[in-house]
Every structure is written in structure tokens, then in C-alpha cells.
Protein chains: 2
Amino acid sequence: MSQDKIITIYDIAEKLKLSPSTISRGLQNNTAVNAKTKKKIFDTANEMGYRFNTFARNLRTQNTNTIGVIVPRLNSYFISAVLAGIEKVINGAGYNMLISQSLESSEKEVEYTKTMMHNRVDGLIVTLAADTTNFDHFLPFVKHHIPLLFVDRVIDDENYSKVVIDNSKSGYDATTHLIDQGCKRIVHITGNTLRNVYRDRKLGYEKALIDHGIPVDHELLFETDLTEVSALKSVVKILKMNPLPDGLFVSNDFCAAICLKKLKQAGIKIPEDMAIVGFNNDTTSRITDPALSTINYPGQEMGEAVATNLINCLSNKDISAKAQTIVLKSELIVRESSFRREHKPIKL
Amino acid sequence: MSQDKIITIYDIAEKLKLSPSTISRGLQNNTAVNAKTKKKIFDTANEMGYRFNTFARNLRTQNTNTIGVIVPRLNSYFISAVLAGIEKVINGAGYNMLISQSLESSEKEVEYTKTMMHNRVDGLIVTLAADTTNFDHFLPFVKHHIPLLFVDRVIDDENYSKVVIDNSKSGYDATTHLIDQGCKRIVHITGNTLRNVYRDRKLGYEKALIDHGIPVDHELLFETDLTEVSALKSVVKILKMNPLPDGLFVSNDFCAAICLKKLKQAGIKIPEDMAIVGFNNDTTSRITDPALSTINYPGQEMGEAVATNLINCLSNKDISAKAQTIVLKSELIVRESSFRREHKPIKL
DNA sequence: ATAAAATATGCAACCGATTGCATATTTTAT
DNA sequence: ATAAAATATGCAATCGGTTGCATATTTTAT
């Protein structure tokens with residue numbers, strides 16, 4: 001049974017009558033240390049239950065092997081898929097992950113960004129909170145040349161690296177599909193258009209309408225917080241409209257699913273009376289009845305992409321590396337909630 | 001514009017013609033430092049853009065202000081709710097959170113437990129992987145008196161603190177409710193019964209059958225991995241049964257939702273022909289049609305409870321504190337998928 | 001006015017690993 | 001046998017804070 005005490009290289013050095021330097025080098029598999037000595041060191045370290053002290057090492061080497069991640073919330077399918085992707089790559093490369101959730105509050109985002117700095121993370125990955133408009137809290141990272149990358153909800157500035165999907169195109173595709181299916185009055189329910197994701201989807205929606213000769217009617221645009229409550233309110237509003245809209249494009253599957261269910265309960269036939277397209281391809285979208293058409297949003301891949309990019313930044317000493325924007329493929333998935341007739345872009 | 005250099009207390013000391021000790025104490029708001037001096041120190045620190053170095057501090061103080069969390073996977077509604085709860089409490093108490101996902105692999109769980117030890121986390125919170133049977137990797141935490149707590153999927157050992165729900169009672173309640181609704185042949189689809197959560201739900205299911213004079217039929221018990229694929233296979237198996245089961249208790253809402261949808265497509269009326277109860281109260285359960293009865297599983301609260309308990313362990317120097325098991329309330333929520341007639345325990 | 005107490009600051013060791021440089025030892029070449 | 005080269009190990013400074021103890025300064029009490 002080994003001791004209760006935490007073993008350091010000094011303990012190993014004493015036991016083997018060697019200097020701490022040799023132990024340190026031995027454990028790092030440094031070629032300057034004799035093979036036999038090395039073996040002895042490894043064996044003794046194991047036997048004594050040695051674990052290196054991350055802090056002493058970090059203090060000396062000035063890097064922490066830790067990546068900070070700030071997301072708006074942890075309990076979301078999309079976010080957790082992104083995190084799973086980040087975690088996979090990060091841990092595979094021997095890094096750890098420090099996570100905070102801003103809870104959509106810009107204030108907390110600022111605070112946690114500071115904490116990440118304190119903790120000397122080697123890099124930071126951020127998905128912006130809904131209401132962040134000032135980005136000064138990220139400047140220290142730029143100043144200290146600490147890689148800072150954004151994913152999904154990003155800063156509209158070419159100087160930052162980011163991973164996104166083409167939200168504008170996706171919004172366009174979703175809307176065009178609804179038009180293809182014969183919709184003429186299409187409601188769009190979306191989130192805070194301050195953020196690129198919702199703003200761009202809206203732009204895509206409007207462009208699709210214009211391109212197909214349908215006037216943009218601001219009565220049909222609902223900017224909400226995409227919660228269940230908002231969904232219910234939106235349904236009430238829709239049901240009061242005259243004439244009733246015949247298409248619905250919602251920026252989020254959960255919200256779309258709630259609308260679908262409530263509209264159905266109100267006697268509206270989906271997709272005959274109203275065709276619906278969601279966004280995200282959450283598991284939710286396969287469970288509604290009828291199944292929800294949606295935009296496939298590759299959360300895990302986005303996480304993997306941003307993490308891979310970050311790891312590359314860290315291994316390349318090449319500080320001159322330019323900021324880059326990676327756009328991952330998103331695609332319309334047509335399911336029952338919007339499928340009225342065979343038309344151009346059909347996928348199942 | 002401040003410098004590019006990272007500022008240390010030595011820089012502040014030099015600028016103010018004070019010793020680093022005074023700066024250190026000043027920044028800690030130590031009463032030994034004169035109020036005016038303190039003010040000067042804080043102002044200068046701000047002005048110079050000082051950020052304390054976590055590692056130097058940790059190395060000296062021998063604690064890291066970091067809590068490790070190991071979960072089976074990040075992309076799950078339940079887990080992300082638990083994490084959100086943990087994060088809330090942990091960050092509120094000034095700690096950071098280091099997260100790893102074992103991806104249900106015992107091997108990775110062992111590896112990440114070691115990493116957490118290396119990183120000298122002040123405490124560790126674990127939800128066990130599906131196939132972990134040997135728990136020796138946790139012994140170093142016990143040996144070094146580092147608080148180790150489990151949540152949801154736990155070790156069956158009174159010496160460890162944990163936060164759980166009464167899975168056995170919940171299984172009993174779900175099954176009894178189905179029996180109340182007139183079900184006689186109830187299929188139970190569950191996960192790996194090596195883990196307490198699935199084992200106990202199964203035990204509750206069996207006890208309810210026995211208590212109501214219904215024989216336990218092992219043909220009706222499906223031990224699966226609760227994925228979509230398993231759900232589909234289970235449905236095929238159910239449809240081949242003769243006579244058809246009239247009740248279905250599934251240990252997971254997503255899996256239950258898939259079953260519900262497929263059974264409905266096969267022409268089975270829910271709940272008339274087959275009543276269904278899920279588990280978790282995922283958002284999913286409100287979206288199915290008919291809405292899914294389920295067990296409300298307070299993920300966020302469980303996270304908050306386990307984190308609060310951990311923080312208490314850390315602030316009490318009292319090492320003698322006994323291991324405790326916290327059982328949070330879980331409850332049956334009856335929705336349309338199982339509601340045939342008014343009966344004893346009705347909740348909406 | 002002087003001693004005692006309270007307050008404020010500094011010195012220097014320490015946490016545990018890393019690493020440039022110096023030194024000791026062994027091997028190889030002449 | 002001796003010098004040169006290669007190999008192996010050690011010394012000591014360093015990373016940036018923290019803290020016990022000593023010392024200097026000011027305040028209070030007698």
C-alpha cells in the first residue's frame with residue numbers, strides 16, 4: 001500500500017539517489033537520460049504512485065494545456081452536440097476543457113472571459129450570448145496572441161476565426177422549398193436578429209420571397225426568444241390572422257414542434273393547410289407527427305472543426321496564420337410537415 | 001493603451017516602490033495593508049491590466065478552485081441539464097469546471113479520472129459509464145481525501161456521497177399506473193441493468209407486477225442500449241407478439257417517443273390499444289402525439305444538489321463529514337399516452 | 001516622555017517542475 | 001596512452017504568487 005502523501009519528483013530523486021533534474025528529464029523521456037536510468041525512474045514513479053503537478057509544470061512552461069469554452073447554455077441539444085465535438089478533438093490532442101455558460105447574459109460572458117484569461121487557457125472558443133454588442137472583453141486575447149475562435153454565433157469581423165453554416169442560404173432554401181410547395185403567405189419565427197444566425201436566416205427568408213415575387217410582409221415576421229412560451233404566443237397570433245398563413249419557417253426545431261402540435265390541435269392540417277419547416281435537425285424533429293422538415297445543422301462537426309482549427313493554431317508556431325472562416329454544409333431535410341408534392345429539391 | 005507584456009505583482013511592486021508581498025496582500029484585501037495603499041494597488045493593477053496567475057497561486061496554496069466532472073456523454077438532454085445545474089452552483093461559488101465525457105467507455109473513464117487527479121481538481125463529480133464494474137480508479141481520490149461525489153449513475157456503496165432519485169419507486173409508480181389503466185401485459189424497455197438507474201427501475205417494475213398479482217414474464221423485458229435503433233428493433237419484436245402487449249414502460253423518453261411513433265404507424269392506437277410511459281420528462285415528451293406520460297427527472301436540481309454538497313465538503317474543514325445519499329423527488333406525470341380513465345394517482 | 005500595543009511593510013523561503021549551463025563519466029579516435 | 005567527442009548527470013535559477021516571521025512605523029496608554 002503506497003503512502004498517503006503526494007509524491008513529487010524530489011521524493012523519487014531521493015529514493016533513487018539522483019537529482020530532480022534527471023527525474024524530470026527521465027519522465028519526459030529525454031534522450032539525455034540513460035535508458036536503464038529511465039526505466040528505473042518510470043518504475044519507481046509508478047510504484048510510488050507519482051502524478052505530476054500540473055501547476056508547477058504550467059507555471060514553468062507558461063502553457064496550460066487547457067482550452068476555455070464559453071457557450072450561452074449547456075442544456076440545449078445543439079450546444080451539447082457542439083461541445084461533444086470540441087471535447088472529442090480537444091481531449092484527443094491531450095488538452096482539457098474548461099466550460100462556462102453565459103446563460104445568454106452579456107455580463108456573465110464578460111466575467112467568464114476574464115476568468116478564462118486568469119486561468120491562462122491556451123485558447124478560447126466562444127458562442128456569443130444573445131445580447132452581446134460590445135466585444136472589448138475579447139481584446140486581451142488578441143493582445144496576448146491567445147487563439148480566440150467563434151462557433152455558430154460569431155462576431156461579424158474577418159479578423160476572427162470562426163466556424164459557421166451558411167444561415168442565409170439555409171433560410172433561403174427553407175423558404176424556397178415552402179414556396180415550391182405552393183405557400184404564398186409564409187410566417188417566419190426567429191430569435192434575436194442581433195446575432196448573425198437569426199439575422200442571416202431572416203435575410204435568406206426575405207431574399208427567397210423577393211426572388212419569387214412574393215412581397216415581404218413585416219406582419220409575418222415574429223422576432224421572439226424561441227422558447228415554448230413564445231411558440232404558444234406565436235400560434236395564438238397566427239390563428240387570429242386573416243387570411244391564415246399557409247407556410248411557417250421557424251428558426252428552431254423545438255419551437256417549430258410546439259407550433260406544429262398546437263396548430264394541429266387547432267384543427268389546421270399539416271402540411272395541407274400549413275407547411276412547416278424547422279431548423280437544427282434536433283432529435284425532436286423526427287418525433288413530431290407529422291415529422292418535421294428541417295435544416296440539418298451539423299453541431300458535432302462544427303465543434304470538431306473549431307477545435308481542430310484551434311489545435312492547429314496552437315501547434316503551428318506560425319503566428320502569422322490568418323483568421324479564417326469555415327463554413328460547414330447545412331442542408332434542407334424534407335419530411336412530412338412540408339411535403340405536399342414532388343418538386344425540385346427533394347431529399348429524404 | 002497598456003503593454004503587450006503580462007503584468008505580474010512584481011511589475012506593480014516596482015512601479016509603486018513596494019514589495020511584492022504587500023502587493024499580494026493588498027490584492028487579497030488583507031487587513032494588514034493600509035487602506036490607502038490598498039487603493040493605490042488596486043488602481044495600479046487595473047491600470048496596468050494585471051491578471052493573477054492561477055498556477056502560481058495554485059502551486060503555492062495547493063488548491064485549484066476547479067471541480068472535475070466526468071459524464072458519459074455531453075449531448076443528452078438529461079446530462080446537459082445536470083451540467084447546467086452543476087455549473088450554476090460551481091461558478092456561483094467561484095469555482096471552475098473541468099469536463100470530460102467518457103462516451104460510455106469504462107476505459108476512458110479511468111483515463112479521465114487520472115487526468116482529473118493530475119489537474120489536482122478540488123473535487124470530482126461523476127456519472128458512471130454504462131460498463132464500469134471496477135472502481136479502483138477512484139481510490140486515489142479517497143486516499144487523498146479529495147471529495148468524490150456521484151450523481152444519477154452511482155456506485156452502490158454507502159461510503160460515497162451521491163445524488164439520485166428513487167428509481168425503484170419511479171419504476172413502481174410507472175408500472176402501477178399502467179396497471180391502474182387496465183394494462184395486463186406490460187413490456188419494459190430499459191438500459192444496461194448493471195447500472196443502478198436501470199436495475200432499480202426494473203426492480204420497481206417487477207415489484208409492481210407482483211404486488212398486483214401479475215406474473216413477471218421475462219419475455220416482456222427488453223434490455224437494450226436505448227438508442228433509436230434499439231427502439232425500432234423493439235417495436236418489431238413487440239408487433240410480432242401474440243397476444244400483443246397492452247402497456248409499455250420505457251426507461252427513456254426519446255426511445256419511448258420513437259416507439260410511440262412507430263407503433264402508431266403500425267396502426268396501434270395509443271393509449272387505447274397500448275398505453276405508454278417514458279422516463280425523464282425530456283422536452284421530447286411534450287412533443288409526441290399523443291403527449292407522452294413520463295417520470296419527471298429533475299436533472300438541473302440534481303446537478304445543483306450534488307454541486308452544493310461538494311462545495312459544502314470543501315468549505316467545511318470537517319473531514320469527518322459522513323458520506324450522504326441525497327434522494328430527490330421524482331414523480332409520475334400522466335399525459336395522453338397512458339391516460340384511459342380517471343384513477344388513483346392522476347397528475348397533469 | 002517613554003513603554004507597550006497596534007499597524008504596516010519587507011525579507012526570504014516555498015510550492016514542484018523545467019532547463020541552460022557546467023561538470024563528470026564513458027566511449028571513440030588517434 | 002591520451003586527446004577529443006559523446007553521453008549522462010547535477011547545479012541552480014526560474015515561473016509568479018503566498019505567507020511566517022522580523023522589522024519599521026505609528027498610535028495609544030501610562
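Chain A is the first sequence line, chain B the second, and so forth, proteins listed ahead of strands; every chain is numbered from 1.
- Residues B/Glu304 and B/Ile86 have side chains not in contact (no heavy-atom distance under 4.5 Å, counting atoms from C-beta outward).
- Residues B/Ser102 and B/Ser105 have side chains that never bring a donor and an acceptor to within less than 3.5 angstrom of each other.
- With hydrogens and angles left out, the side-chain atoms of A/Thr22 and A/Ser19 include a donor and acceptor closer than 3.5 Å.
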Please walk me through it: do B/Lys88 and B/Gln300 pass side-chain contact (heavy atoms from CB on, under 4.5 Å)?
CA-CA 9 Å; B/Lys88 192 177 152 197; B/Gln300 173 135 3; 4.0 Å; yes

Nucleotide N/O to protein N/O under 3.5 Å, stretch nucleotides 26-28 of chain D:
none

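- The closest side-chain heavy-atom distance from B/Leu83 to A/Ile99 is not below 4.5 Å.
- When the C1' atom of C/dT18 is taken as reference, atom CG of A/Asn29 falls 16 Å away, rounded to whole Å.
- Within 4.0 Å (heavy atoms only), B/Leu18 reaches sugar-phosphate atoms of the nucleic acid but no base atom.
- Among the heavy atoms of the strands lying under 4.0 Å from B/Lys17 are primed sugar atoms or P, OP1, OP2 only; no base atom is included.
- For the pair B/Arg57 and B/Phe52, the cation-pi test (distance below 6.0 Å, angle within 45°) is passed.
- One can place CD of A/Glu14 at 15 Å from C1' of C/dG16, the figure rounded to the nearest angstrom.
- Contact annotation: the side chain of B/Thr132 approaches that of B/Arg195 to within less than 4.5 Å [non-hydrogen atoms, C-beta and beyond].
- Between B/Phe138 and B/Phe150, the gap from one ring centroid to the other is short of 6.0 Å.
- The side-chain heavy atoms of A/Lys114 and A/His137, taken from C-beta on, include no pair separated by under 4.5 Å.
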Sugar-phosphate atoms are those with a prime plus P, OP1 and OP2; base atoms are the rest. Using that split, label each nucleotide of nucleotides 15-23 of chain D B, S or - for protein heavy atoms under 4.0 Å, 5' to 3'.
BBBBBB---

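- A donor atom on one side chain and an acceptor atom on the other are not found under 3.5 Å apart for A/Asn58 and A/Thr64.
- One atom, NZ of A/Lys36, and another, P of C/dT25, lie 18 Å apart when rounded to the nearest Å.
- Put simply, CG on B/Asn34 is 18 Å from P on C/dA6, counting in whole angstrom units.
- Nucleotide C/dA17 holds its C1' atom 10 Å from the CG atom of A/Asn58, rounded to whole Å.
- Exactly one of A/Asn309, A/Val142, A/Leu310 qualifies for a side chain to side chain contact (heavy atoms under 4.5 Å, CB included) with A/Pro147. That residue is A/Leu310.
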In dot-bracket notation, what is the pairing pattern of DNA chain C, taking Watson-Crick (N1-N3 plus N6-O4 or O6-N4) and G-U wobble (N1-O2 and O6-N3) contacts under 3.5 Å, with [ ] crossing and | for other strands?
||||||||||||||||||||||||||||||

